Novice: 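Have a look at this one.
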Amino acid sequence: MPAPFRKILIANRGEIAVRVARACREAGIVSVAVFSEADRDSLHVRYADEAYPIGPAAPSESYLNIERILEAARRSGAEAVHPGYGFLSENPRFAEACENRGLVFVGPPPRAMEAMGNKVEARRIMKAAGVPITPGSEGTVGGVADVSRVASEVGYPILIKAAAGGGGRGMRVVRSKDEIESALAACMSEAGSAFGDPSVYVEKYSDRVRHIEVQVLADARGGTIHLGERECSIQRRHQKLIEESPSPLVDSSTRARIGAAAVKACQAIGYRSAGTVEFLADGDGNFHFMEVNARLQVEHPVTEMVTGLDLVQAQFRIAAGENLWIRQEDVRLQGSAIECRIYAEDPERGFLPSPGRITRLRAPGGPGVREDSGVYEGYVMPVHYDALISKLIAWAPTRDEAIDRMRRALDEYLVEGIPTTIVFHRRVMDEPDFREGRLHTRFVEGMNGHPREGAAIPGEMEDIAAIAVALTAQGPPPSSESRTAGSAGRAGAQIDSQWKRAGRLRQLEDRL
Ligand code: MV4
């Protein structure tokens, strides 16, 4: 197969820029990185074939600066631009600017992005297309009387949401009539300052919902397929922490219905490229449209693991004008995949961001394990950007085995120098509710609220501490440097036991 492009500029940084550069390498496409002053030593710059500076560390001066990125594209002679996620990825003016300069934007058409940017407009389009939407107002709401009328139709509690919002920003729960006035004022003023548009609308609020999203691929001719769902309910303050596919709570008939709804949603807006349709689901097979994510998402690898498809390569081929080469009936979901997002954040301090130097790093590997990383040993995480270090993905034939495998991989994962969310993920993998698939969007709160599974019962602390001391006295776990090629045989056996000890030690640390 000829390469769809000769050269692609990646308008992003970190792990996703590395991910896209890898796809370029496999497809025989020259990759061009761009980097800010804070990213001179970043992994994506080292990985790509070429790299161009685009300005100071502040995102507005570099990764959000359309002119500087397009200037780098011109100088490099790139034919196409991949935006990654975040930054300019869902900015229709950026997509348009690329096309005006004769560059192919590897993503959806600007008009599809625009249509989904306004949530009221999105609801209108989806309702007309027959995609189920949450009960609520027809359009924007003007005042207290308006809100009160909708509330009496759908019943309390309700949610006032910013029309220009999304991703959970600019929302207010209202539980009774006397709360409307202040919530409405607060929501409108917040929407005005955050999004430059104070319009708001109303939806019925449901507690304990699940976040289910459907991955789609669409070509320029309107050919559209779905690649099953991802369950993204384990999140904290609208930051996803764990995603999986398939959802343990979606059966095959619900999958067919939600998949068909996602395809319909994309066709209604003339979507092209890889995209995601987000739904809120209850436990009874009901789901309602929330929003369209008009980009490749952070969690795309879990879909890749269960479908065997490469979504970035698919984006390239679609952007080059190819029609879909897979039919819906050829999409097979195999096994189960889980992704843990490893952030430079301290779960013991309310997930406080903790950038700094990674002094030691050993990434997990072995069967069914994938790590999409943006860092290396010795790397200093910049303070200016997202704290995502890497994504750890485990695949196995069944969900149970995928959890076991993820637990094993998390035990192998060694990051020193900065606190990370690895300890948090180990705890989630050990939660009976997670194992049983009892997932909802308030799962993490519940974990913090209750005593941790296996945590301190009187006297146990001392026992654990004593065992930990005894284990440590046998010597520290091996460093990656000490495990040289010649260390098989007798030394190999010793290493095995050290590894077991390292795993046990870490479990004890978690419980302390
Ligand atoms: C809701 C909701 C309950 N009812 N809408 C947050 C993200 C944005 N896409 C929509 N969000 C929600 N909308 C109604 N009518 C609850 C949430 C919500 C949520 C959704 C998905 C994942 C995590 C969440 C956490 C809190 C609230």
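All residue numbers in this chain count up from 1 along the given sequence. Just so we're clear, the structure is a prediction, and the values are computed from it rather than from any experiment. Scope of the values below: all heavy atoms of this structure, side chains included, with no hydrogens, waters or symmetry mates. Just follow the structure's listing: the first ligand is 1, and inside any ligand the first atom is 1.
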Novice: Does anything in residues 283-292 form a side chain to side chain donor-acceptor pair (under 3.5 Å)? List the pairs, not counting sequence neighbours.
Specialist: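 Of all non-adjacent pairs touching residues 283-292, those that pass side chain to side chain donor-acceptor pair (under 3.5 Å) are Asp282-Asn286.
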Novice: Which residues pass the side chain to side chain contact (heavy atoms under 4.5 Å, CB included) test with Val263, sequence neighbours left out?
Specialist: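 For Val263 the side chain to side chain contact (heavy atoms under 4.5 Å, CB included) partners, ignoring immediate neighbours, are Thr224, His226, Gln267.
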Novice: For ligand 1, run through the N/O pairs with the protein that fall under 3.5 Å and put one pair on each line.
Specialist:
unit_1, atom_1, unit_2, atom_2, d
ligand 1, 4 (N), Ser206, N, 3.2
ligand 1, 5 (N), Lys161, NZ, 3.0
ligand 1, 5 (N), Glu203, OE1, 3.4
ligand 1, 9 (N), Glu278, OE2, 2.9
ligand 1, 9 (N), Glu291, OE1, 3.0
ligand 1, 13 (N), Lys161, NZ, 3.1
ligand 1, 15 (N), Glu203, OE1, 2.8
ligand 1, 15 (N), Lys204, O, 2.6

Novice: To the closest 0.5 Å, what do you measure between CD1 (Ile389) and OG1 (Thr421)?
Specialist: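 It is 7.0 Å, given to the nearest 0.5 Å.
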Novice: Identify the heavy atoms of Phe279 and Ala262 that sit nearest to each other, and give their distance.
Specialist: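 Closest pair (atom of Phe279, atom of Ala262, distance): CZ-N, 4.0 Å.
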Novice: Please enumerate all residues that pass side chain to side chain contact (heavy atoms under 4.5 Å, CB included) together with Arg111, with sequence neighbours excluded.
Specialist: none
Novice: One thing to verify: whether Arg405 and Glu401 come together as a salt bridge, which I'm taking to mean a side-chain N less than 4.0 angstrom from a carboxylate O.
Specialist: no
